[in-house]
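Positions are given from 1 along the sequence.
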Amino acid sequence: MTKFARLALAGLLAIAASGIARADDAQKAKIGVLRLSSSAPVFIAQDKGYFREAGLDIELKFFDAAQPIAVATTSGDVDFGITAFTAGLYNLAGKGTLKVIGGMSREKAGYPLIGYFASNNAYAAGLKTPKDLAGKRIAVTQVGSSFHYSLGLLADKYGFKLADVKVLPLQSLSNAAAALKGETVDAALLPISTARALVDSGGAKLLGWVGDETPWQLGAVFASPKTLTNKAMVTKLLAALVRADREYHDVILASVKDGKADINDKTKPLLEIIAKYTNLPVEQVVGNCAYIDPDGKLDVKNVDNQIAWLQEQGFVDKGFAADAIIAKEYVKAD
């Protein structure tokens, strides 16, 4: 081997060693998340290396309902949770075991996310619109879930009593979808990513969208007080997420028309990432693009409204409001 070759090899080895050292220095963290497009920036940040470039070694841990993510974050099974607000999450936060550190998905008109779906038999019997849900048997994942809250907002809008609805908490999205298909419920509230195949195959009917009926702040980023003591890690995570929020907003959401994103040279790479993590074809992902603020902002006023409503229903303990559960040093309020 020539002297030049030896020097070149030594240089390459030094570069490789440096890369290994940087990888070893990355802070390890776990994020609890659902396989839903409402968490698209999480998947973009992971797949495009934004977490890694921020100095984090992130492991995504997938769940089938929102509440278990809140429990896992409290217990330390995951370091961060990114999912929808639920009564259970608020109860944990009210006890000081969780803090909200950022915003994620929102129900907003024009961006289909959670829908109201009717079974075929119920539809044939007259269940044609969301306001017709009064008095029906309706599947949700859990009591106090985002789906339950969305149903409550609908009841308030159309003047029927939530107590008059037979709410069936079936614990998971897959169980709720199966009950709808099997005609054991009249209707269900489901994310379109779960219900799309059912609707397309003729197994259920779409009645409308929560975002069109009752917009609200659906999702958030949260962590336990123990995780929050590592300020450097929290700051890195939020910076990587905001980078992905902005890209998702400016590329995918900017292309949405009539509830669907366009498939073009700019959007396709990001849509393929979302498809990969949600186990859906790109052709379905385009109709599942939840609205997310480009700066990761949180609608704090709406969070306060959610807590008050859930407390009135007896789903959440009284004695606290939004300011008690938000880590103000991190949250960008809208």
Side-chain angles (χ1 to χ4, degrees), residues 31-40 42-43 60-73 78 81-89 104-107 111-120 122 130 133 136-154 165-211 213 216 218-220 274-281 284-285 287-290 292 315:
I31 297 176
V33 68
L34 301 175
R35 288 190 183 276
L36 299 178
S37 57
S38 51
S39 296
V42 182
F43 309 141
L60 301 183
K61 187 166 183 178
F62 293 99
F63 293 76
D64 196 33
Q67 175 59 16
I69 296 178
V71 174
T73 306
V78 298
I82 299 179
T83 191
F85 283 113
T86 65
L89 188 156
M104 191 51 69
S105 58
R106 299 186 187 192
E107 286 288 2
Y111 300 91
L113 183 54
I114 295 175
Y116 316 95
F117 299 91
S119 70
N120 288 327
L133 289 169
K136 300 298 189 292
R137 299 168 300 155
I138 304 174
V140 299
T141 51
Q142 294 175 320
V143 170
S145 65
S146 59
F147 307 101
H148 199 174
Y149 175 68
S150 294
L151 183 59
L153 291 179
L154 189 77
V165 175
K166 179 65 174 177
V167 177
L168 300 169
L170 301 183
Q171 305 308 314
S172 73
L173 297 173
S174 54
N175 287 348
L180 188 64
K181 182 179 180 180
E183 302 282 357
T184 58
V185 297
D186 299 314
L189 274 78
L190 294 166
I192 184 56
S193 54
T194 300
R196 177 77 69 185
L198 187 59
V199 171
D200 288 349
S201 66
K205 297 290 192 297
L206 171 66
L207 303 179
W209 302 107
V210 169
E213 295 283 351
W216 62 285
L218 175 66
I274 300 169
K276 170 183 171 183
Y277 286 89
T278 57
N279 294 329
L280 293 171
Q284 286 189 28
V285 172
N288 303 347
C289 299
I292 292 172
F315 297 147

Gly202 versus Asn120, closest heavy-atom pair with distance:
O-ND2, 2.8 Å

Taking all non-hydrogen atoms of both residues, which atom of Gly115 and which atom of Trp209 are closest, and how far apart?
CA-CE3, 3.7 Å

Distance, nearest 0.5 Å, that separates NZ of Lys61 from CD1 of Ile31:
13.5 Å

Just checking Lys181: does its NZ atom have more than 12 heavy atoms from other residues, nucleotides or ligands closer to it than 6.0 angstrom?
no

Which atoms form the tightest heavy-atom contact between Ala66 and Thr86, and what is the distance?
CB-CG2, 3.7 Å

In Å and rounded to the nearest 0.5 Å, what is the OG to CZ distance from Ser39 to Phe62?
9.0 Å

What pairs with Lys166 under salt bridge (Lys or Arg N to Asp or Glu O under 4.0 Å), at least two apart in sequence or on another chain?
none

Rounding to 0.5 Å, atoms CD1 (Ile114) and CD (Glu107) come to a distance of 4.5 Å

Hey, mind stepping through Lys136 and Val165 against side-chain contact (heavy atoms from CB on, under 4.5 Å) and telling me if it holds?
CA-CA 5 Å; Lys136 300 298 189 292; Val165 175; 5.6 Å; no

Ser119 and Leu180 have their tightest heavy-atom pair at N-CD1, 3.5 Å

Ser146 versus Trp216, side-chain donor and acceptor atoms under 3.5 Å:
no

Is there a side-chain contact between Phe117 and Leu207 in this structure, where contact means two heavy atoms from C-beta onward sitting under 4.5 Å apart?
no

How long is the gap from CD1 on Ile292 to CZ on Arg106, to the nearest 0.5 Å?
10.0 Å

Residue pair Leu133 / Ala187: nearest heavy atoms and the distance that separates them
CD2-CB, 3.5 Å

Among Leu218, Leu34, Leu173, which residue meets the side chain to side chain contact (heavy atoms under 4.5 Å, CB included) test with Pro191?
Leu173

Just how far is it from atom CG of Leu36 to atom OG1 of Thr83, taken to the nearest 0.5 Å?
7.5 Å

Decide yes or no on side-chain contact (heavy atoms from CB on, under 4.5 Å) for Val42 and Tyr277, but give the supporting numbers first.
CA-CA 10 Å; Val42 182; Tyr277 286 89; over 6 Å; no

Any chance you could measure Phe315, atom CZ, to Ser145, atom OG, to the nearest 0.5 Å?
9.0 Å

Heavy-atom donor-acceptor pair, Asp64 side chain to Ser172 backbone, under 3.5 Å
no

State, to 0.1 Å, how close Pro281 and Ala275 come at their nearest heavy-atom pair, and which atoms those are.
C-CB, 4.3 Å

Quick one: side-chain contact (heavy atoms from CB on, under 4.5 Å) partners of Leu280, sequence neighbours excluded?
Ser193, Thr278, Gln284, Val285, Asn288

Go through the structure and list residues passing salt bridge (Lys or Arg N to Asp or Glu O under 4.0 Å) with Arg35, not counting sequence neighbours.
none

Going through the distances and angles, do Tyr116 and Ile138 end up as a side-chain contact (heavy atoms from CB on, under 4.5 Å)?
CA-CA 9 Å; Tyr116 316 95; Ile138 304 174; over 6 Å; no

If only atom types and distance count, is the side chain of Gln142 paired as donor or acceptor with the main-chain N or O of Leu170 below 3.5 Å?
no

